[in-house]
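Each chain gets a letter, A, B and so on, in the order its sequence line appears, and its residues count up from 1.
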2 protein chains.
Amino acid sequence: MARTRGSHSDITGPRVERAALRLFAKHGYAAVSMRQIATEVGVQAGALYNYTPDKQMLLVSLMKTHMQDLLAAYEAWPKPVDPLGRLEAFTRFHLSFNSERPEAVFISYMELRNLTPEHFNEIAALRSRYERALVEILEDGVQDGIFQLEDARVTAFAIIGMLTQVNTWFREDGRLSRADVEALYWTMVQRLVSA
Amino acid sequence: MARTRGSHSDITGPRVERAALRLFAKHGYAAVSMRQIATEVGVQAGALYNYTPDKQMLLVSLMKTHMQDLLAAYEAWPKPVDPLGRLEAFTRFHLSFNSERPEAVFISYMELRNLTPEHFNEIAALRSRYERALVEILEDGVQDGIFQLEDARVTAFAIIGMLTQVNTWFREDGRLSRADVEALYWTMVQRLVSA
DNA sequence: GCTTGATCTGAACGGGTGTTCATATCATCC
DNA sequence: GGATGATATGAACACCCGTTCAGATCAAGC
């Protein structure tokens with residue numbers, strides 16, 4: 001036995017990524033073995049090394065892809081020009097984007113400590129570009145006199161913190177729909193910056 | 001060689017806990033070996049089993065202790081009777097308590113997935129007792145007509161989310177002092193519930 | 001249909017894992 | 001100062017780890 005029938009990198013590659021994503025999110029990077037990932041893919045452990053140089057890069061690749069997707073999707077998201085409209089767009093985008101990929105969000109936050117300093121800095125830079133976008137919205141709103149707040153950076157952290165926290169409790173079949181949650185949080189974000 | 005000079009469980013026990021806390025927080029539960037913990041304590045791996053039945057219980061014990069300390073400290077915290085005063089007390093307590101034990105806070109949130117279902121439920125029950133305290137403050141304030149909010153449970157999550165997030169960016173030698181941060185967040189919490 | 005390169009297997013590598021236990025030494029109390 | 005229990009060692013257990021690689025089999029293009 002060697003190459004198996006039907007095998008193709010276009011199929012196996014994405015399956016490796018999805019299996020790693022799921023298992024890393026569920027058990028943590030360090031707790032997951034290459035053999036577990038391989039089993040989930042339906043392949044032997046050695047075959048994984050056709051798709052990643054090593055385990056570390058598998059994690060880095062997942063995190064980097066997620067952060068780049070986040071930035072790209074945010075740039076493509078429709079945004080009004082006025083600060084209030086942009087703040088609403090940011091709020092709804094964040095909730096929507098994060099709710100669709102809870103595993104990647106979880107990993108990108110949890111597994112930072114398993115990165116080498118260079119990889120960590122790379123991911124942190126992408127993250128702070130995103131945070132910076134929110135800070136700018138807040139500063140613009142203050143300058144226009146429509147937002148009132150003491151510290152734009154701290155307020156930005158507070159907003160992101162409370163929005164990201166949603167993933168820890170939201171359930172599809174729960175008391176509230178996604179639309180309910182979006183509406184509630186948009187109201188709260190408005191309160192946080194209201195003049 | 002066997003028992004070493006000066007050895008005593010009153011000394012070694014706490015050192016085992018502190019070493020485990022520090023290493024679990026830094027590298028993650030699964031990534032830390034019993035031999036690493038033992039090295040940090042200055043002892044051989046076998047000696048750790050005088051202080052914990054196994055590695056899992058070492059984690060559970062740390063998390064349970066943290067959650068119980070949290071609840072006990074909150075109950076002992078001075079609390080006014082009016083909802084606004086209680087909300088301020090909760091806000092300042094949470095920031096103060098969490099800032100003093102960032103490692104335990106981190107572990108208690110991050111390593112939930114490494115618990116067996118029974119231990120998970122135990123920790124989750126303690127956590128929800130704490131959350132419930134905030135929900136009650138909010139509900140009382142609404143009833144008294146001094147708070148305005150749409151959903152007490154979601155607002156409670158939002159408040160806890162934004163307060164807990166502080167630990168991810170606050171630095172002792174940063175731009176803002178602890179008192180600055182407390183003041184900023186108390187202002188924001190007030191905005192979140194203001195009538 | 002043959003060739004070529006992509007894809008996977010299966011075994012092996014050195015080393016690390018959590019845990020147990022017989023044994024030795026120390027601290028403590030009579 | 002001798003007896004007793006608490007405390008640690010160090011070796012061993014069976015097993016799992018990430019990674020490598022020669023060789024086998026398949027897919028794809030000529």
NZ/NE/NH1/NH2 to OD/OE distance under 4.0 Å, B:R178 and B:E182 | no

Take the protein atom OH of A:Y49 and the nucleotide atom C1' of C:dT9, then report the distance between them rounded to whole Å.
-> 15 Å

B:H8 side chain: which of D:dG23, D:dT20, C:dT28 is closest?
-> C:dT28

Could you go step by step and tell me if A:L87 and A:V189 meet the side-chain contact (heavy atoms from CB on, under 4.5 Å) rule?
-> CA-CA 8 Å; A:L87 184 58; A:V189 169; 3.7 Å; yes

Separation of atom CG in B:N50 from atom P in C:dC21, rounded to whole Å = 13 Å

When you check the gap from the basic side-chain N to the acidic O, do A:E88 and A:R92 get nearer than 4.0 Å?
-> yes

Quick one: is A:T4 getting a side-chain N or O under 4.0 Å of the C:dT7 phosphate, OP1 or OP2?
-> no

Do we see a donor-acceptor contact under 3.5 Å between the side chains of A:E111 and A:N114?
-> yes

Would you mind reading off the distance between B:Q44 atom CD and D:dA11 atom P, rounded to a whole angstrom?
-> 9 Å

Do you see a donor-acceptor pair shorter than 3.5 Å between the side chains of B:R3 and B:S7?
-> yes

Stretch residues 25-43 of chain A: residues that reach within less than 4.0 Å of DNA chain C through a heavy atom = A:R35, A:V43

Hey, do the aromatic rings of A:Y130 and A:F90 have their centres closer than 6.0 Å?
-> yes

Worked verdict on A:Y185 versus A:Q190 for side-chain contact (heavy atoms from CB on, under 4.5 Å) = CA-CA 8 Å; A:Y185 274 83; A:Q190 279 177 281; over 6 Å; no

To the nearest Å, give me how far apart CD (B:Q56) and P (C:dG18) are.
-> 13 Å

Does a nitrogen or oxygen in the side chain of B:Y51 sit under 4.0 Å from OP1 or OP2 of D:dA8?
-> yes

To the nearest angstrom, the CG-P distance between B:L48 and C:dT20 comes to 12 Å

To the nearest Å, how far apart are B:L59 CG and C:dG18 P?
-> 13 Å

When rounded to the nearest 0.5 Å, the distance separating CZ of A:R22 from CD of A:E40 is 4.0 Å

B:G6 vs B:A45, nearer the 5' end of DNA chain C by closest nucleotide | B:A45

Sorted by number, the residues of residues 10-24 of chain B with heavy-atom contact under 4.0 Å to DNA chain C = none

NZ or CZ of A:K55 within 45° of A:Y49 ring axis and under 6.0 Å = no

So, does the side chain of B:R3 form a donor-acceptor pair with the base of C:dA24 at under 3.5 Å?
-> no

A:S9 side-chain proximity, nearest of C:dT7, D:dA8, D:dT25 | C:dT7

Does B:R5 have a side-chain nitrogen or oxygen under 4.0 Å from the phosphate oxygens OP1 or OP2 of C:dC26?
-> yes

